[in-house]
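Below is one structure, written out as structure tokens; the observations come after it.
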Protein chains: 2
Amino acid sequence: MDMQESSQVEPPHPAADVLEHVGYRLKRAHAALRAAMDQVLREHGLTVPQYACLEVLAARPGLSNAELARATFVTRQSMNVVLRGLQDEGLVTRPSTVDRGRARPATLTDEGRRRLDAAQVAVYAVETRMVRALPDGRLAALLADFDRIAEALTD
Amino acid sequence: MDMQESSQVEPPHPAADVLEHVGYRLKRAHAALRAAMDQVLREHGLTVPQYACLEVLAARPGLSNAELARATFVTRQSMNVVLRGLQDEGLVTRPSTVDRGRARPATLTDEGRRRLDAAQVAVYAVETRMVRALPDGRLAALLADFDRIAEALTD
DNA sequence: TCGAGTATGTCAAAGTCCTGACATCGAGTT
DNA sequence: AACTCGATGTCAGGACTTTGACATACTCGA
């Protein structure tokens, strides 16, 4: 484990092992992904939370606001704002009333499906750049590590 | 959290299976870390951006606002708000004027150092939970993968 | 010397997200 | 039936972050 790529040769403090921490590196990788997705999604008129909502909704139609919030790791309130924006743009529809309970199932409109399909091409290109940067055969282990981290911290 | 696409007989984008949703899993791991840090830092009266700023400042004293922003992956404007809050609490000091240039070096106060030391104990416990969830010997590879991802996406 | 280019700090406005709170709905229990 | 409990939708307020813009300050080359 020799990581001699520390580019800071003249900092007053050599104890900059913050940069070695797992949390820092995870944060950095996530920030890079977020920035890359922001950039490509802007060309499609979508934000990252909006895209995430559409993507989940395509795979699991009929999810409620709270369910979408959990699936995208935001609060119900945040998802409510996102969902309202998507409805105003005509990409998502929700019935104004339901027969039973309070949860209103959200579904993609045809326009929503078209916008998602177009955006997915760009987003998948970003993911491909990410995957190709990894050594062969390490992807599965990386995914497993992600799951272990998430599971260990959500107890 | 399985994306059961069995409802779609023929998913329009089969490439998603190849990529295994790396972005989604990375996002999930980061969200879990963020939530865990939020929780433990609240007991110390610090937000995650505030803690990140203090941590970087402890390792590299004298960094300017813009440098801190880059080190913590936020904009200069965001870091400016964080830094002002930390100054109001007396955890960080910046000279009102400098001899040369515009960048004003920020440094921790004694109180800032104490708050950071106390918070670090809690944060390191979170990181320990994360690391212990990984198989033996996987940490180095995981860190390398994080770096590869960040590098591949920041072009 | 002058100019272009780059980096920094700051302001304004908007968007995003969160915590806290409240009311509603369903399921289960008493 | 009345109650508790959990889940949901919603509102209000605040905290955080971003984009866009502008002025200032250094660097470098013509």
Side-chain angles (χ1 to χ4, degrees), chain A residues 27-28 30-43 45-54 62-89 92-106, chain B residues 27-28 30-54 62-89 91-106:
Chain A
K27 184 178 180 179
R28 188 163 92 103
H30 179 263
L33 172 61
R34 171 77 185 224
M37 287 186 64
D38 261 325
Q39 185 178 346
V40 301
L41 284 176
R42 189 170 303 118
E43 303 168 4
L46 291 174
T47 65
V48 171
Q50 283 176 333
Y51 172 82
C53 179
L54 293 180
L63 255 54
S64 69
N65 176 42
E67 290 170 320
L68 285 168
R70 280 192 296 269
T72 55
F73 318 111
V74 295
T75 60
R76 294 181 314 236
Q77 295 87 334
S78 297
M79 180 50 67
N80 201 8
V81 175
V82 172
L83 223 37
R84 215 173 298 178
L86 290 173
Q87 284 186 95
D88 292 345
E89 289 189 69
V92 162
T93 54
R94 274 192 298 178
S96 53
T97 59
V98 287
D99 296 348
R100 174 181 187 76
R102 304 194 73 193
R104 291 186 290 154
Chain B
K27 184 178 180 180
R28 187 163 93 103
H30 178 263
L33 173 62
R34 171 75 186 225
M37 288 186 63
D38 261 326
Q39 185 178 347
V40 302
L41 285 176
R42 190 170 302 117
E43 305 167 3
H44 294 272
L46 291 174
T47 66
V48 170
Q50 283 176 332
Y51 173 81
C53 178
L54 294 180
L63 254 55
S64 69
N65 176 41
E67 290 169 320
L68 286 168
R70 280 193 295 270
T72 56
F73 317 111
V74 296
T75 59
R76 288 174 313 196
Q77 294 87 334
S78 298
M79 180 51 67
N80 202 8
V81 175
V82 171
L83 223 38
R84 215 172 297 178
L86 291 173
Q87 284 186 96
D88 292 346
E89 289 189 69
L91 307 182
V92 161
T93 54
R94 273 192 297 178
S96 52
T97 59
V98 287
D99 295 349
R100 174 181 186 77
R102 303 194 74 195
R104 291 185 291 154

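Per chain, numbering begins at 1; letters A, B, ... match sequence-line order. Here the structure is a predicted model, which is why all the values come from computation and not from measurement. Reckoned from all heavy atoms, side chains included, excluding hydrogens, waters and symmetry mates.
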Touch class at under 4.0 angstrom, heavy-atom based, for B/Arg84 against every strand present: sugar-phosphate
Pairwise 5' ranking along DNA chain C for A/Arg34 and A/Arg76, keeping only the more 5' one: A/Arg34
Under-4.0 Å side-chain N/O to phosphate OP1/OP2 contact, B/Thr47 with D/dC16: yes
Euclidean distance, atom CG of residue B/Asp88 to atom P of D/dA15 [Å, nearest integer]: 12 Å
Test item: A/Leu86 and A/Gln50 side chains (from C-beta on) under 4.5 Å apart, heavy atoms: yes
Note, A/Glu67 side chain near A/Arg70 side chain (heavy atom, < 4.5 Å): yes
Which atom of A/Pro105 lies closest to which atom of A/Pro95, heavy atoms considered: O-CD, 3.1 Å
N/O (side chain, B/Thr75) to phosphate O (OP1/OP2, D/dT17) under 4.0 Å: no
Presence of A/Arg104 side-chain N/O under 4.0 Å of D/dT10 phosphate oxygens OP1/OP2: yes
Rounded distance in Å - CG (A/Asp38) to P (D/dG20): 12 Å
Protein-nucleotide distance (B/Gln50, atom CD; D/dT17, atom P), rounded to Å: 9 Å
Comparing A/Gln77 and A/Arg42 on DNA chain D - which has the more 5′ nearest nucleotide: A/Gln77
Nearest-angstrom distance from the residue atom CZ of B/Phe73 to P of D/dT17: 14 Å
Touch class at under 4.0 angstrom, heavy-atom based, for A/Val81 against every strand present: nothing
Protein-nucleotide distance (A/Asn65, atom CG; D/dT10, atom P), rounded to Å: 7 Å
Side-chain heavy-atom pair A/Thr72, A/Pro49 within 4.5 angstrom cut-off: no
Any B/Ser78 side-chain nitrogen or oxygen under 4.0 Å from OP1 or OP2 of D/dC16: no
B/Tyr51 OH to D/dC16 P, straight-line distance once rounded to whole Å: 17 Å
Phosphate-side-chain proximity, B/Asn80 and C/dT10, N/O vs OP1/OP2 below 4.0 Å: yes
Distance in angstrom units between B/Leu83 CG and D/dC16 P, rounded: 13 Å
A/Asn65 versus A/Arg76, closest heavy-atom pair with distance: ND2-O, 3.3 Å
Between C1' of D/dT10 and CG of A/Leu68, the distance in whole Å: 16 Å
